Amino acid sequence: MITIDKFNFAGKKAFVRVDFNVPLDANFNITDDTRIRAALPTLKKILADGGSLIIGSHLGRPKGVEDKYSLKHILGHVSKLLGVDVQFASDCASDEAAMKAAALQPGEALLLENLRFYAEEEGKPRGLADNATDEEKAAAKKDIKAKQIEFTKQLASYADVYVNDAFGTAHRAHASTALIADYFDAEHKMFGYLMQKEIDAVDKIMQDTARPFTAIIGGSKVSSKIIIIKNLLTKVDNLIIGGGMAFTFEKANGGKIGSSLCEDDMLNEAKEIMAIAKEKNVKLVIASDARIADSFSNDANVQIVKANEIPDGWSGLDIGTEGEKEFAEVIKASKTILWNGPVGVFEFDNFAHGSKAVADAIVDATKHGAFSLIGGGDSVACINKFGYANDVSYVSTGGGALLEFIEGKVLPGIKAIRGY
Ligand code: AMP
């Protein structure tokens, strides 16, 4: 497999799949351009080599052509950040796009309109009636799959080289994220810098693990984290469980959890996780106390009580001060750390203490040589809220993709390039 830093793009046209799925306000101003900036090293390297760029991305979840999801809204900003006047193709799979791509000179760039304006990108039929029969559904699926091949070929025809730098969509087998790679030989397809960094970070914690390895899994629901927890139990030395989901474990152990978040249909899963942890000698850490509130609000009345003795009418919205110490002690003694999901309702300052304590301990461990990876939307928001993004080893940009990668799944966008 070739790597982007070894490839000379001089005179080559590169189709670069990026994730420019940025948030826009009502006037189409970009409110957070992190994702665009994250792709700049790849895009700039290609231009600096004397290559030209065909940039493809999705924006939002359009059901067809929808002006509010047009990439024309971000064209000016992309031009500004890239430092070149980026051209625009108002239909990503058209003669216009093909002509503009063919006319690109070294150092020039073309942004394609939203790839998801075409159902072919995702390869899922659109506009099927609710009462469609199974036969109609199957026919529509077959039809879109056939059209998807043509769409993919069209995109591939614009370029000599394919570069995937969209980690956020690496878990999707879409035309531009995975299928397109088949139209380029091994010497002409590669990961961009961002994608490579993400893969390296996950490989470092999952394959090349310095021990002890501690995972902190928080957030609201056990059900959404069950697969990742089970996969991690085969890898980690310590598993810290925090956030709303910890109360399902407390209840499974016979604790009183008041009105705390609980998934009763997950009680058996929680018991099974505890049994597997025991069998595999994984230290499962659940906070011994909780910061409880009499309403779901920052201004609620607060008490700190034992996590298994929460009075009726109160709910645990954060770990307590003992829990902070328990978590910090384990984290600080670790050499590899993965954090996914806040351990309390960190959006309320009064219930952000636990997540802050976790973040502090991770920063401390990182200073002492641990490798720390923060991933999954809310823990990234947490790290940013505390201003620690530069004090940990790696902050992932991929929510769902990162989780699936850590769950041990093969991601189509990665497999398409490196074969596994
Ligand atoms: P998730 O998307 O599953 O990672 O969950 C993140 C959300 O879990 C955040 O919005 C937190 O506010 C929420 N959360 C964390 N701890 C608790 C808790 N003890 N009770 C209710 N929600 C929580």
Side-chain angles (χ1 to χ4, degrees), residues 168 215-232 239-252 255-266 269-270 273 285-324 326-327 338-359 362 373-386 395-407:
I216 306 121
I217 304 293
S220 49
K221 289 183 172 173
V222 184
S223 50
S224 63
K225 304 281 165 85
I226 201 88
I227 308 174
I228 192 169
I229 289 177
K230 285 191 171 163
N231 192 43
L232 284 170
L239 178 64
I240 295 178
I241 300 225
M245 57 193 249
F247 299 103
T248 302
F249 287 83
E250 286 294 353
K251 188 164 174 185
K256 253 186 98 235
I257 59 164
S259 321
S260 305
L261 212 61
C262 181
E263 289 170 282
D264 284 325
D265 54 347
M266 284 286 131
E269 290 278 6
I273 287 169
V285 189
I286 297 177
S288 61
D289 61 353
R291 201 176 285 265
I292 61 171
D294 59 356
S295 68
F296 190 78
S297 115
N298 189 45
D299 306 321
N301 291 308
V302 176
Q303 302 182 54
I304 293 180
V305 300
K306 284 196 171 155
N308 56 4
E309 291 178 10
I310 300 177
D312 291 341
W314 291 71
S315 40
L317 297 191
D318 196 2
I319 56 172
T321 43
E322 285 308 310
E324 289 171 23
E326 292 152 5
F327 285 10
L338 166 71
W339 184 20
N340 172 264
V343 299
V345 184
F346 76 103
E347 296 92 335
F348 297 152
D349 286 347
N350 289 337
F351 301 97
H353 299 277
S355 298
K356 173 80 167 41
V358 166
I362 295 176
L373 190 156
I374 319 299
D378 276 317
S379 21
V380 174
C382 228
I383 274 288
N384 289 335
K385 173 171 172 141
F386 306 134
V395 179
S396 174
T397 58
L402 178 84
L403 292 191
E404 291 198 17
F405 205 7
I406 292 171
E407 282 169 3

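For ligands, and for the atoms within them, numbers begin at 1 and follow the listed sequence. Bear in mind that the values here come from a model prediction, so they are computed numbers and not experimental data. Numbering starts at 1 and runs along the sequence shown. Hydrogens, waters and symmetry mates are skipped; everything else that's a heavy atom, side chains included, is used.
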Asks: Looking only at protein heavy atoms, which one is nearest to atom 8 (O) of ligand 1, and how far off is it?
Replies: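 It is Ser220 N, 3.3 Å.
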Asks: Return yes if some donor-acceptor pair links the side-chain N/O of Asn340 with the main-chain N/O of Ile374 below 3.5 Å, else return no.
Replies: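 Absent.
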Asks: For atom 23 (C) of ligand 1, which protein heavy atom lies nearest, and how many Å away is it?
Replies: Val345 CG2, 3.5 Å
Asks: Answer yes or no for Lys225: is there a heavy-atom contact with ligand 1 below 4.0 Å?
Replies: yes
Asks: Can you sort out which atoms of ligand 1 are near Gly316, meaning under 4.0 Å from one of its heavy atoms?
Replies: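 So the atoms of ligand 1 that pass are 18 (C), 19 (N), 20 (N).
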Asks: Out of all atoms in ligand 1, which are within 4.0 Å of some heavy atom of Asp378? Include the element for each.
Replies: 2 (O), 5 (O), 6 (C), 7 (C), 9 (C), 10 (O)
Asks: Please state which part of Glu347 comes within less than 4.0 Å of ligand 1, counting heavy atoms only: side chain, backbone, both or neither.
Replies: side chain
Asks: Do any pairs count as a side-chain hydrogen bond (donor to acceptor under 3.5 Å, both in side chains) and have a residue in residues 290-299, sequence neighbours left out, and if so which ones?
Replies: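 The answer is Arg291-Glu324, Asp294-Asn301, Asn298-Asn350.
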Asks: To check your reading of the model: name the closest protein heavy atom to atom 15 (C) of ligand 1, its residue, and the distance in Å.
Replies: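 Looking at atom 15 (C) of ligand 1, the protein heavy atom closest to it is Gly344 O, 3.1 Å.
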Asks: For a quick test of your reading: what N or O donor-acceptor pairs under 3.5 Å do the side chains of residues 309-319 make, sequence neighbours left out?
Replies:
unit_1, atom_1, unit_2, atom_2, d
Asp318, OD1, Gly354, N, 3.4
Asp318, OD2, His353, N, 3.3
Asp318, OD2, Gly354, N, 3.0

Asks: Check Lys385 with Asp349, please: is the shortest side-chain N to carboxylate O separation under 4.0 Å?
Replies: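 Looking at Lys385 together with Asp349, the answer is yes, because their closest N to O distance falls below 4.0 Å.
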Asks: Around atom 17 (C) of ligand 1, find the nearest protein heavy atom and jot down its residue, atom name and distance.
Replies: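 So the nearest neighbour among protein heavy atoms is Gly244 N, 3.2 Å.
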Asks: Do Val302 and Ile292 touch side chain to side chain, with heavy atoms closer than 4.5 Å?
Replies: no
Asks: Before accepting this row, confirm whether a basic side-chain N of the pair Glu269/Lys230 lies closer than 4.0 Å to the acidic partner's carboxylate O.
Replies: yes
